[in-house]
2 protein chains.
Amino acid sequence: MVKTLRESAKEMTAAATARLRHAGLRPTRQRVELASLLFKTCDRHVTAESLHDEVSDAGVKVSLATVYNTLHQFTQAGLLRQVIVDSSRSYFDTNTGDHQHFFLESEGMLIDIPGETIAVAGVPAPPPGLAVDRVDVVVRVRRS
Amino acid sequence: MVKTLRESAKEMTAAATARLRHAGLRPTRQRVELASLLFKTCDRHVTAESLHDEVSDAGVKVSLATVYNTLHQFTQAGLLRQVIVDSSRSYFDTNTGDHQHFFLESEGMLIDIPGETIAVAGVPAPPPGLAVDRVDVVVRVRRS
DNA sequence: CAACGGGATTAGAACGATTCTAAACTATGA
DNA sequence: TCATAGTTTAGAATCGTTCTAATCCCGTTG
C-alpha cells in the first residue's frame with residue numbers, strides 16, 4: 001500500500017496527538033507541530049532556538065516563548081531530557097533513556113553514547129543529607 | 001616566631017605576585033587581590049559574582065568586568081579550571097588537577113571528588129575526525 | 001451547535017549573566 | 001622620569017531565557 005504525503009502527515013499528527021494526550025498535555029496546534037518534528041526521527045538534540053528555526057522554516061508560526069514553554073513541559077512530562085554541557089545554552093534530548101554524550105563544543109553538537117557502553121565505578125557516597133540524583137558523563141571532543 | 005597580620009598579608013601578596021609572574025600575568029593590584037583570595041585556602045569553587053561579592057566585602061574595589069576578565073585569564077593560564085554543571089552560571093575551580101564533582105543544584109554547591117576515586121570505563125572511540133579532550137563526570141545530588 | 005471557562009499562546013518587556021567599548025589608568029623597561 | 005603597551009572601568013550592549021498581561025482556542029456543557 002502506498003501512502004500519499006498527506007496521509008503520512010495525518011498519521012504523524014495523530015501519533016503526536018496521542019503521545020501528548022498520553023502525557024497529559026492538551027494537544028494544541030503548536031504542541032502537535034513541535035512533537036511531530038521532535039519525534040519524527042529517532043534521537044535528536046535541540047536547543048530552543050534551533051527548534052524554533054526549524055519549525056519556522058517549515059512555515060509554521062510558533063513563538064519562541066511557546067518553544068521554551070513546550071520544551072520544559074515535554075521535559076517535565078518525561079518526553080525529553082535536558083542535557084547540561086554548555087554554560088550558555090540548554091540542550092534537549094529526545095532520548096530519555098540512560099545514556100551519555102560526546103560534546104563538540106565548537107559546533108554545539110551532541111552525540112549519544114548508549115547507556116551500557118560507559119561504566120562509572122567508584123562514585124563515593126555523597127556527604128550526609130545528600131542523595132545521588134544521577135551521574136552525568138560528558139566526553140568533550142574537538143576536531144583533530 | 002610570631003607573625004603579625006600585616007606580615008602575613010605581605011607574604012600572601014608576595015606569593016600571589018610570584019604566582020602571577022610565573023603564569024606570565026602582570027601582577028596588577030586587582031589580580032593580586034583576586035589571586036590572594038582564590039589561592040589562600042586549598043580548593044575553592046567560585047562564580048564571577050560570588051568572587052566579586054567576596055572581594056567587595058573585603059573592602060577592595062574591583063569591577064565585575066575585571067573579575068570576569070581575571071577568571072578567564074587565570075583559566076587560560078592554567079591557574080583555574082572552568083566547571084560546567086549549570087546552564088546559567090559558570091563556576092571556576094582552584095583545583096586544576098584530575099577530579100570530578102558532586103553538584104547540589106538547589107544551592108549551587110560543588111564538592112570535589114578526587115580523581116582516583118571515580119573510574120570511567122568503556123568510553124568509545126569518538127567519531128572519525130574527533131579526539132577526546134576530556135571526560136567530565138558530574139554526580140548530581142539533592143537534599144534527602 | 002453555541003457558549004463558556006480555564007489552559008495555552010503571544011508580543012514585547014524584563015531579566016540575569018556575560019561581554020563589549022572606549023576612555024582613564026598603571027606597571028614596566030628604557 | 002617617560003613612554004607605551006597592557007589593564008581596569010563604568011556603562012552600554014548582547015544573549016539566552018523568563019515574565020506579563022492580553023488574546024486565543026480546546027474541550028465540555030447545556
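Values below: every heavy atom of this structure, side chains too, minus hydrogens, waters and symmetry copies. On a predicted model such as this, the values are computed, not experimentally measured, just so you know. Letters A, B, ... mirror the listed sequences (proteins, then strands); counts begin at 1.
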Using every non-hydrogen atom in the two residues, find where A:S87 and B:R89 come nearest and quote the distance to one decimal. CB-O, 4.0 Å
Report yes if a side-chain nitrogen or oxygen of [X] is closer than 4.0 Å to either non-bridging phosphate oxygen (OP1 or OP2) of [N]; otherwise report no.
X: B:Q30; N: C:dT26; result: no
X: B:S90; N: C:dT18; result: yes
X: B:T66; N: D:dT8; result: no
X: A:H72; N: D:dT18; result: yes

Distance in angstrom units between [X] [atom1] and [N] [atom2], rounded:
X: B:R89; N: C:dC15; atom1: CZ; atom2: P; answer: 18 Å
X: B:L64; N: D:dA10; atom1: CG; atom2: P; answer: 10 Å
X: A:N69; N: D:dG16; atom1: CG; atom2: P; answer: 18 Å
X: A:K61; N: C:dA8; atom1: NZ; atom2: C1'; answer: 15 Å
X: A:Y68; N: C:dA11; atom1: OH; atom2: C1'; answer: 15 Å
X: B:R29; N: C:dT28; atom1: CZ; atom2: P; answer: 14 Å
X: B:H52; N: C:dA17; atom1: NE2; atom2: P; answer: 13 Å
X: A:L25; N: D:dG27; atom1: CG; atom2: P; answer: 12 Å

Under a 3.5 Å distance rule, please check whether B:Q30 uses its side chain to pair with a backbone N or O of B:V62 as donor and acceptor. no
Counting side-chain heavy atoms from CB outward, which of [options] is closest to [X]?
X: A:P27; options: C:dT10, D:dT7, D:dG27; result: D:dG27
X: A:E49; options: C:dA17, D:dG16, C:dA11; result: D:dG16
X: B:R21; options: C:dT28, D:dT17, C:dT10; result: C:dT28
X: A:T28; options: D:dT9, D:dT17, C:dA8; result: C:dA8

Can you find a heavy atom in the side chain of B:R44 that is under 4.5 Å from one in the side chain of B:E54? yes
Evaluate the side-chain proximity of A:T75 to A:R81: yes if any heavy-atom separation is below 4.5 Å, no if none is. no
When hydrophobic residues are tied together by side-chain contacts of less than 4.5 Å, even through go-betweens, does B:I111 share a cluster with B:I84? no
Identify, between B:R26 and A:T47, the residue whose nearest nucleotide on DNA chain D lies closer to the 5' end. B:R26
